[in-house]
Amino acid sequence: PFPPRAEHSLRILIMDDEESMRDTIVRTLHELGHMAGGFSDGESAILGYKEARKFARGWDLVLLDLTIPGGMGGRETLAALREIDPGVRAIVMTGYTNDEIMTNYASAGFRAVLPKPFTSDKLLSAINETMAAD
């Protein structure tokens, strides 16, 4: 049921406060041939982003949950990541389909939006669209 493996393996950072959602996305990306790391909030995602830049080639793409209860959400996290890496590629994920981010994601610095819940096909499509945007 999974789409064909990716031609080029990407390093993708996932930030989502829901452990089951985060684990599912990471597992799906692994099955698609990508390397993925999951983080539960903005603070840990920023640290993970910084660490990867020190010791490896860094992250090719970040998927950020818009809303993290009691923590730093996608907008704030992306703003902090942009200070570290102005060229960061980011996709926003949200279950709040009436949020203005759904139509104005680009103005917040995101390259795509993934409404939750989403299929592996939609995930792959958003990743391909984001990576092709350069």
Side-chain angles (χ1 to χ4, degrees):
F2 287 100
R5 289 176 89 64
E7 282 183 38
H8 304 289
S9 179
L10 297 173
R11 292 174 47 83
I12 303 173
L13 181 149
I14 312 301
M15 180 191 80
D16 198 303
D17 61 307
E18 287 181 56
E19 187 176 6
S20 62
M21 178 66 136
R22 193 171 61 241
D23 290 349
T24 299
I25 297 169
V26 167
R27 189 172 51 252
T28 300
L29 290 170
H30 285 165
E31 290 168 354
L32 293 171
H34 298 299
M35 184 273 173
F39 298 87
S40 61
D41 57 40
E43 291 82 0
S44 63
I46 292 164
L47 282 173
Y49 197 89
K50 285 180 182 175
E51 288 299 304
R53 285 172 60 88
K54 278 194 241 176
F55 300 109
R57 76 174 205 223
W59 300 98
D60 298 306
L61 176 66
V62 297
L63 275 77
L64 305 175
D65 191 4
L66 181 63
T67 307
I68 303 289
M72 184 185 262
R75 274 190 189 94
E76 300 83 8
T77 301
L78 180 56
L81 292 176
R82 280 211 124 82
E83 289 180 19
I84 299 163
D85 177 6
V88 63
R89 292 181 186 97
I91 297 172
V92 63
M93 304 180 291
T94 184
Y96 299 99
T97 54
N98 59 347
D99 192 288
E100 56 88 23
I101 197 87
M102 296 298 287
T103 52
N104 294 323
Y105 61 87
S107 66
F110 292 99
R111 297 193 183 194
V113 63
L114 260 175
K116 290 180 181 178
F118 50 82
T119 62
S120 58
D121 286 343
K122 293 263 193 238
L123 173 63
L124 192 60
S125 176
I127 290 169
N128 289 338
E129 171 188 328
T130 300
M131 296 308 293
D134 288 344

Point to revise | Contact list for residues 13-26, test salt bridge (charged side-chain N to carboxylate O under 4.0 Å, His left out), sequence neighbours left out | key: Asp16-Lys116

Study note, to complete from the structure: dist Leu32:CG -> Thr28:OG1 (nearest 0.5 Å) comes out at 6.5 Å

Review point. Heavy-atom distance under 4.5 Å between the side chains of Leu47 and Ser44, does that happen here?
Key: no

Point to revise | Residue list, salt bridge (Lys or Arg N to Asp or Glu O under 4.0 Å) with Arg75, at least two apart or on another chain | key: Asp99, Glu100

**Study point:** Considering all heavy atoms, the nearest Ser9-Gly33 contact
**Key:** OG-O, 3.0 Å

**Study point:** Pair Leu63-Leu123, side-chain contact (heavy atoms from CB on, under 4.5 Å): steps then yes or no
**Key:** CA-CA 10 Å; Leu63 275 77; Leu123 173 63; 3.4 Å; yes

Check your understanding: Quick one: CD1 on Ile127 to OG on Ser120, what's the gap to the nearest 0.5 Å?
Key -> 10.0 Å

Practice item. Kindly give the heavy-atom pair with the smallest separation between Ala112 and Thr130, and that separation in Å. Key: CB-OG1, 3.6 Å

Exercise for review: Measure from the side-chain N and O atoms of Thr94 to the backbone N and O of Pro115, and report whether any donor-acceptor pair falls under 3.5 Å.
Suggested key: no

Study note, to complete from the structure: Those residues at least two apart in sequence (or on a different chain) that pass side-chain contact (heavy atoms from CB on, under 4.5 Å) with Thr119 are Asp121, Lys122

Review point. Hydrophobic clusters join Ile, Leu, Val, Met, Phe, Trp and Tyr when side-chain heavy atoms are under 4.5 Å apart, directly or via other members; which others share one with Phe39?
Key: Leu13, Met15, Met35, Ile46, Tyr49, Trp59, Val62, Leu64, Leu66, Ile68, Met72, Leu78, Leu81, Ile84, Val88, Val92, Ile101, Met102, Tyr105, Phe110, Val113

Check your understanding: Minimum heavy-atom separation for Val26 to Ala36, with atom names?
Key -> CG1-O, 3.9 Å

Check your understanding: Mind checking what makes salt bridge (Lys or Arg N to Asp or Glu O under 4.0 Å) contact with Glu83, not counting sequence neighbours?
Key -> none

Point to revise | Atom pair CZ (Arg27) and CD1 (Ile25), whose distance is rounded to the nearest 0.5 Å | key: 10.5 Å

Study note, to complete from the structure: All heavy atoms of Ala90 vs all of Leu61, minimum pair found to be N-CD1, 4.3 Å

Practice item. State, yes or no, whether a side-chain contact exists between Leu10 and Met131 at a heavy-atom distance under 4.5 Å. Key: yes

**Study point:** Derivation and outcome, side-chain contact (heavy atoms from CB on, under 4.5 Å), residues Arg11 and His34
**Key:** CA-CA 6 Å; Arg11 292 174 47 83; His34 298 299; over 6 Å; no

Study note, to complete from the structure: Residues Thr77 and Gly42: closest non-hydrogen pair is OG1-CA, 3.2 Å

Practice item. Quick one: list whatever passes salt bridge (Lys or Arg N to Asp or Glu O under 4.0 Å) with Asp41, sequence neighbours left out. Key: none

Check your understanding: Is it true that Arg89 and Asp60 make a salt bridge, defined as a side-chain N closer than 4.0 Å to a carboxylate O?
Key -> no

